[in-house]
Amino acid sequence: MNPTPETETATPTTDPETAGTAASGAEAAAETKTGPKADLTKGSVAGHTVQDATPADALNDADTDAGTGGDTEDTDDADLDAADLDDDLAAASRPSGLGSAAASIVAVCLGIVALTGTWTSRILAERQGLVGQLKTGQSGTAEQQISAIYGDAWHVTAAINGGVALVALLVGVIVLTLPQRTGWVRPFALAGAVLGFLGLLVSLGMYFDLFAALPTAATP
């Protein structure tokens, strides 16, 4: 008997470790050729995080900041110029104080003149004495001559000095009520007002014969 030959089919045997190694090698080769896989949604490449902003975006941001800073500087300069202009206009509109200073000096001078007498008052007093002599003549009594020649002249002098003192007082008071830019103006104005007030008091006393009465003639 001829035995039937057995047909044996060769079954290739595959080692799992060998197969895994081969697969890893194939993947490594593929990565080498194609490069690392990029995760575009998360912004990372092969485990390395990159910034979302591109260089162009950074330049745009820098330009925006620079433009904003320039606008701020221009605005500040404009504000400073406007403030300087307002200060200049305010300084120009304010009075210089020259008139007040001059008025205070005038008040002091008038107060001194009111106390010491003026050339005008002396001339008018002499004129009034001459008028009194012409009126009375030789026929008037001694009391009439004294009153017309000396008394009227005395009263004219007191009236003129009193008028000057009143002007000095008014000028000093007006200067005191005004705003002053110079420190010495107010003391001068106060001195002029005080001198004018004193001159007015003296003139009133002379006019009404409060300080000294007219001389009287002796009875024979």
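Bear in mind the structure is a predicted one, so any value in this text is a computation, not a measurement.
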Undergrad: For residues 151-174, pull every pair meeting salt bridge (charged side-chain N to carboxylate O under 4.0 Å, His left out), keeping only residues two or more places apart or in separate chains.
TA: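 Passing the test, one end in residues 151-174: no pairs.
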
Undergrad: Find out if a path of hydrophobic residues (ILVMFWY) with successive side-chain heavy-atom gaps under 4.5 Å connects V175 to F197.
TA: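 Result: no, two separate clusters.
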
Undergrad: Hydrophobic side-chain clustering at under 4.5 Å (ILVMFWY, transitive links): who's grouped with L124? Put none if nobody.
TA: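 Members besides L124, by chain and number: V156, I160.
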
Undergrad: So, does S104 use its side chain to make a donor-acceptor pair with the main chain of A101 at under 3.5 Å?
TA: yes

Undergrad: Name all residues meeting the side chain to side chain donor-acceptor pair (under 3.5 Å) criterion together with D209; count only those two or more places apart in sequence or in a different chain, and write none if there are none.
TA: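 D209: side chain to side chain donor-acceptor pair (under 3.5 Å) contacts with H155.
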
Undergrad: Which residues satisfy the side chain to side chain donor-acceptor pair (under 3.5 Å) test with T118, sequence neighbours excluded?
TA: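 T118 satisfies side chain to side chain donor-acceptor pair (under 3.5 Å) with S121 only.
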
Undergrad: Can you get from V106 to L170 by hopping between Ile, Leu, Val, Met, Phe, Trp and Tyr side chains that sit under 4.5 Å apart?
TA: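 No: no chain of side-chain contacts under 4.5 Å links V106 to L170.
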
Undergrad: To the nearest 0.5 Å, what is the distance between CZ on F211 and CG on L204?
TA: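 It is 8.5 Å, given to the nearest 0.5 Å.
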
Undergrad: Rounded to the nearest 0.5 Å, what separates atom CG in L166 from atom CG in N161?
TA: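 CG of N161 is found 12.5 Å from CG of L166.
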
Undergrad: Nearest 0.5 angstrom please: L198 CG to S203 OG, how far?
TA: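 The OG atom of S203 is 10.5 Å from CG of L198, to the nearest 0.5 Å.
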
Undergrad: Is it true that W154 and V113 fall in one hydrophobic cluster, defined by side-chain heavy atoms closer than 4.5 Å?
TA: yes

Undergrad: Please walk me through it: do L169 and V173 pass side-chain contact (heavy atoms from CB on, under 4.5 Å)?
TA: CA-CA 6 Å; L169 176 61; V173 171; 4.2 Å; yes

Undergrad: Taking the side chain as C-beta and beyond, is there a heavy-atom pair between I146 and T216 under 4.5 Å?
TA: no

Undergrad: Considering all heavy atoms of both residues, which atom of G151 and which atom of L214 are nearest to each other, and what is their separation?
TA: CA-CD2, 3.5 Å

Undergrad: In Å, rounded to the nearest 0.5 Å, how long is the span from CD1 of I149 to CG of L134?
TA: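 Spacing of CD1 (I149) from CG (L134) equals 9.0 Å.
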
Undergrad: When you group the ILVMFWY residues by side-chain heavy-atom contacts below 4.5 Å and let the links chain together, are V171 and V185 in the same group?
TA: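 Same cluster.
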
Undergrad: Tell me whether the centres of the aromatic rings in F188 and W184 are closer together than 6.0 Å.
TA: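 Under 6.0 Å, so yes.
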
Undergrad: Testing the basics here: between A153 and Q128, what is the closest heavy-atom pair and its distance to 0.1 Å?
TA: N-CG, 3.7 Å

Undergrad: Which residue pairs pass the salt bridge (charged side-chain N to carboxylate O under 4.0 Å, His left out) test when at least one of the two sits in residues 124-148, sequence neighbours left out?
TA: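 For residues 124-148, and leaving out neighbouring residues, the salt bridge (charged side-chain N to carboxylate O under 4.0 Å, His left out) pairs sorted by first residue read R122-E126.
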
Undergrad: Show the nearest heavy-atom pair for residues Q145 and T136, with the distance to one decimal.
TA: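 Nearest heavy atoms, Q145 then T136: CG-OG1, 3.9 Å.
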
Undergrad: How long is the span from the CD atom in Q133 to the OH atom in Y150, to the nearest 0.5 Å?
TA: 7.5 Å

Undergrad: Do L110 and L115 sit in the same hydrophobic cluster, where Ile, Leu, Val, Met, Phe, Trp and Tyr count as joined when their side-chain heavy atoms come under 4.5 Å apart?
TA: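 Linked, L110 and L115 end up in one cluster.
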
Undergrad: Quick one: closest heavy-atom pair of G196 and A165, and the distance?
TA: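 Residues G196 and A165, closest heavy atoms: O-CB, 3.2 Å.
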
Undergrad: Nearest 0.5 Å, please: how far is SG in C109 from CG in L195?
TA: 10.0 Å

Undergrad: Donor-acceptor pair, T177 side chain versus I174 backbone, under 3.5 Å?
TA: yes

Undergrad: Which residues pass the side chain to side chain contact (heavy atoms under 4.5 Å, CB included) test with A191, not counting sequence neighbours?
TA: V108

